[in-house]
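Note that the numbering runs from 1 along the sequence shown for the chain. As the structure is a computational prediction, the values presented were derived from the model and not from experiment.
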Amino acid sequence: MYFNQIAVPGLGCLSYVIGCPRAKIMAVVDPKRDVQDYLTIAREEGMQITHVINTHVHADHVSGDQELRLATGADIYIHESAPVEYRHKELKEGDVFELGAAKIEVLHTPGHTPNAVSLLVTDKARSEDPQMLLTGDLLFVGDIGRPDLPGAEILDEQVENLYNSLYAKLTGYPDHLEVFPAHGEGSLCGRGMSAKKSSTLGYERRANPMLQFESFEAFKKEVMSAFPVRPKSFSHIIQTNLEGAATLDACPIDKRLTPKQFEEMVADGATIIDARDSAAFGGFHIPGSINIGFEKQLANWVGMVVDPTAEILLVVDDQGDYDRMVTELHRIGYDLIFGYLSGGIMAWLMSGRAVDQLEQISPHQLAARLEESNVRIIDVRTPAEWSASRINWAEHLPLSDILADQLPDAQKDEEMVLQCGSGYRSNIAASILRQAGYSRVKSLAGGIFAWSNAGLPLVAT
């Protein structure tokens with residue numbers, strides 16, 4: 001049997017290839033939208049992709065199922081209860097696929113979504129006993145799937161399904177069974193996933209805090225206590241996956257835009273994402289730009305900040321960065337990307353068009369200012385980060401609150417220094433506040449990491 005795990009850093013998406021080189025056939029489970037990795041494996045291993053299996057309707061990334069069907073003619077499979085609109089074959093409890101030495105059995109394990117399945121995998125060349133369980137978004141390494149994404153109206157039912165799938169459905173399977181989830185660290189489909197990409201059922205039974213409850217009532221109380229933030233992109237991604245995503249050859253053609261063309265599209269309502277680093281953005285940027293640079297969680301931040309139906313223009317350093325950014329955006333269903341500024345920000349500047357600046361203040365500069373005057377510091381990190389340690393004079397206003405239009409209680413011309421862990425999120429927050437009319441926002445360069453490394457004091461909340 002051939003088995004391979006494909007990871008997407010940042011988004012935390014994990015997909016799988018299962019097949020048999022001797023039988024020359026393979027299945028792809030939960031494919032990402034850019035499918036070249038799977039096509040390369042098929043070519044190098046001499047296998048044909050015959051099955052594409054979705055363990056559920058994903059909320060955080062657009063499935064590559066349509067791309068793979070276009071490229072290979074493979075059938076797409078999803079649980080019979082999934083209300084998808086594209087051509088597919090239905091999965092149900094107990095279905096078995098024989099792919100040479102690989103055997104795949106379907107388990108219906110609702111909870112994260114009503115249509116979720118797990119896949120019991122056996123390598124028949126070694127044993128008739130199952131070797132691994134692909135758990136989709138039911139069971140993660142160190143966590144479980146969130147049940148709230150399908151909607152509040154079925155949340156109670158989903159929590160009960162989640163409990164039954166975890167505490168009853170999986171009960172009869174042995175501890176040695178390897179666990180391979182559909183998501184890992186970085187995903188917003190759970191709360192506290194481990195950086196490890198696989199585990200065993202026995203270890204999760206011993207170490208996963210969500211498998212330790214002695215009653216459904218205690219389990220439900222913990223599950224309902226808090227849910228991760230839901231990016232605005234999730235509803236769009238769910239709908240895209242229900243309909244079947246447009247193949248990438250239908251997306252707008254990549255375009256280099258002159259400053260004049262760029263300006264005209266901005267005037268027509270296009271959104272500018274400036275993907276340069278925070279220092280470069282702070283020096284000069286096009287007024288109204290949002291600074292979302294390259295970072296592991298880039299796609300999640302885009303999903304929280306930018307409307308998924310927006311027409312997007314990019315400011316990048318070069319063609320390579322443009323291609324990387326387009327791939328990240330396509331993975332989460334942001335397809336209306338109309339090009340990038342040819343020549344970058346210098347072309348815009350040299351054309352005589354207006355630029356804006358976001359002052360980056362260093363830790364030592366801020367410390368000196370605090371001795372002279374009352375500078376307002378706004379900490380945009382998460383509550384957990386804030387509780388661990390903070391700058392003594394800071395106020396707390398998480399970026400998630402700012403994204404929900406909870407703006408600072410301040411005059412529009414009041415001086416504010418925004419601060420996060422590294423300067424990445426504070427630049428996003430500053431971009432939003434500048435658009436809202438706050439004219440004197442600044443960003444702490446390097447964030448709390450730089451502040452601490454400069455030997456400046458932190459306090460615990």
### Minimum heavy-atom distance D60-C13, with the two atoms named
OD2-SG, 3.7 Å
### Message
Taking the cut-offs as 6.0 angstrom to the six-membered ring centre and 45 degrees off its axis, would you call R256 and Y340 a cation-pi pair?
### Response
no
### Query
Side chains of N291 and H285: donor-acceptor distance under 3.5 Å anywhere?
no
### Task
Enter the distance from C20:SG to Y2:OH here, rounded to the nearest 0.5 Å.
13.0 Å
### Message
Using 0.5 Å steps for rounding, measure from the CG atom of N427 to the CD1 atom of I292.
### Response
11.0 Å
### Query
Is a side-chain donor or acceptor of R33 paired with a backbone partner of H330 at a separation under 3.5 angstrom?
yes
## Note on the structure
Rounding to 0.5 Å, atoms OG (S426) and CG (L444) come to a distance of 7.0 Å
#### Entry: D317: side-chain hydrogen bond (donor to acceptor under 3.5 Å, both in side chains) partners, not counting sequence neighbours
none
### Message
Would R276 and I345 count as a side chain to side chain contact (heavy atoms under 4.5 Å, CB included) here? Give the steps.
### Response
CA-CA 10 Å; R276 297 174 300 145; I345 194 65; 3.4 Å; yes
### Query
Do E45 and M26 come close enough that some side-chain heavy atom pair is under 4.5 Å?
no
#### Entry: I402 vs Q406, side chain to side chain contact (heavy atoms under 4.5 Å, CB included): CA-CA, chis, key distance, verdict
CA-CA 5 Å; I402 294 174; Q406 298 179 35; over 6 Å; no
### Task
Quickly, which of I337, D321, D274 forms a side chain to side chain contact (heavy atoms under 4.5 Å, CB included) with L314? Name it, please.
I337
### Task
State, with a plain yes or no, whether a side-chain heavy atom of T122 is found less than 4.5 Å away from one of D129.
no
### Donor-acceptor pair, side chain of K196 and main chain of S198, under 3.5 angstrom
yes
### Query
Would you say the side-chain atoms of R230 and S235 include a donor-acceptor pair closer than 3.5 Å?
yes
### Message
For the backbone of D323 and the side chain of T327, can you confirm whether one donor and one acceptor N or O come within less than 3.5 Å of each other?
### Response
yes
Under 3.5 Å, which donor-acceptor pairs do the side chains of residues 96-107 form with other protein atoms, sequence neighbours left out?
from : atom 1 : to   : atom 2 : distance (Å)
E98  : OE1    : K124 : NZ     : 2.5

### Query
With a 4.5 Å limit on heavy-atom distance, are the side chains of V28 and I53 in contact?
no
#### Entry: E243 (side chain) donor-acceptor with V84 (main chain) under 3.5 angstrom
no
### Query
With side chains defined as the heavy atoms from C-beta onward, is the minimum distance between L14 and I6 less than 4.5 Å?
no
### Query
Is the backbone of H236 close enough, under 3.5 Å, to the side chain of T240 for a donor and an acceptor to pair up by distance?
yes
### Message
What I want to find out is whether D34 reaches R331 closely enough, with some N-O distance under 4.0 Å, to be called a salt bridge.
### Response
yes
### Query
Could you give all pairs that pass the side-chain hydrogen bond (donor to acceptor under 3.5 Å, both in side chains) test and reach residues 207-216, with sequence neighbours left out?
E204-N208
### Query
Among side-chain atoms of S118 and T109, is any donor-acceptor pair under 3.5 angstrom?
yes
### Task
Rounded to the nearest 0.5 Å, what's the gap from OG1 on T200 to CG on L133? Could you check?
11.5 Å
### Query
Looking at residues at least two apart in the chain, or sitting in another chain, which of them share a salt bridge (Lys or Arg N to Asp or Glu O under 4.0 Å) with D379?
R381
### Query
Under 6.0 Å from the CZ atom of R43, do we count more than 12 heavy atoms belonging to anything else shown?
yes
#### Entry: Donor-acceptor contact below 3.5 Å, side chain R146 vs main chain P228
yes
### Message
Please check this pair: side chain of T382 against backbone of E385, looking for a donor-acceptor N/O pair closer than 3.5 Å.
### Response
yes
### Query
With a 6.0 Å cut-off on ring centres, are Y77 and H88 close enough?
no
### Query
By ring-ring contact (aromatic ring centres under 6.0 Å, His included), which residues pair with H176, not counting sequence neighbours?
none
### Task
State whether the side chain of H183 and the backbone N or O of L188 hold a donor-acceptor pair below 3.5 Å, judged by distance alone.
no
### Query
Taking the side chain from N241 and the backbone from H61, do they hold a donor-acceptor pair closer than 3.5 Å?
yes
### Non-hydrogen side-chain atoms of M132 and L119 separated by less than 4.5 Å
no
#### Entry: Test log, rule side chain to side chain contact (heavy atoms under 4.5 Å, CB included), inputs L162 and L138
CA-CA 7 Å; L162 189 62; L138 169 68; 3.8 Å; yes
### Query
Who pairs with H112 by ring-ring contact (aromatic ring centres under 6.0 Å, His included), at least two apart in sequence or on another chain?
H56
### Query
So does K232 have more than 12 non-hydrogen atoms from other groups sitting under 6.0 Å from NZ?
yes
### Message
Do Y38 and T72 pair up side chain to side chain, a donor and an acceptor below 3.5 Å, judged on atom types alone?
### Response
no
### Query
Does Y424 reach the main-chain N or O of G293 with its side chain, forming a donor-acceptor pair under 3.5 Å?
yes
### Message
Could you tell me if N115 and S81 have a donor-acceptor pair between their side chains, going purely by distance under 3.5 Å?
### Response
no
### Query
What pairs with F180 under ring-ring contact (aromatic ring centres under 6.0 Å, His included), at least two apart in sequence or on another chain?
F3, Y16
### Under the ring-ring contact (aromatic ring centres under 6.0 Å, His included) test, residues paired with Y203 that sit two or more places apart
none
### Message
List the residues meeting salt bridge (Lys or Arg N to Asp or Glu O under 4.0 Å) with D75, not counting sequence neighbours, and say none if there are none.
### Response
K89
### Query
Do F213 and K221 touch side chain to side chain, with heavy atoms closer than 4.5 Å?
no
### Query
Within a radius of less than 6.0 Å around CZ of R206, do more than 12 heavy atoms belonging to other residues, nucleotides or ligands occur?
no
### Task
Using the side chain to side chain donor-acceptor pair (under 3.5 Å) rule, take S63 and N54 through it: C-alpha gap first, then chi angles, then the decisive distance, then the call.
CA-CA 8 Å; S63 173; N54 291 315; 3.3 Å; yes
### Pairs flagged by salt bridge (Lys or Arg N to Asp or Glu O under 4.0 Å) wherever residues 65-74 is involved - sequence neighbours left out
none
### Query
Applying side-chain hydrogen bond (donor to acceptor under 3.5 Å, both in side chains), which residue pairs with at least one partner in residues 158-171 are found, sequence neighbours left out?
E93-K169
### Query
Does the pair D156 and K220 meet the rule for a side chain to side chain contact (heavy atoms under 4.5 Å, CB included), with working shown?
CA-CA 9 Å; D156 285 340; K220 182 175 182 178; 3.3 Å; yes
## Note on the structure
Output for pair (H396 NE2, W386 CH2), nearest 0.5 Å, gives 6.5 Å
### Reported CG-to-CG distance for the pair L407 and D401, which is rounded to 0.5 angstrom
10.5 Å
### Message
Under the rule for side-chain hydrogen bond (donor to acceptor under 3.5 Å, both in side chains), what residues qualify as partners of Q297, not counting sequence neighbours?
### Response
N300
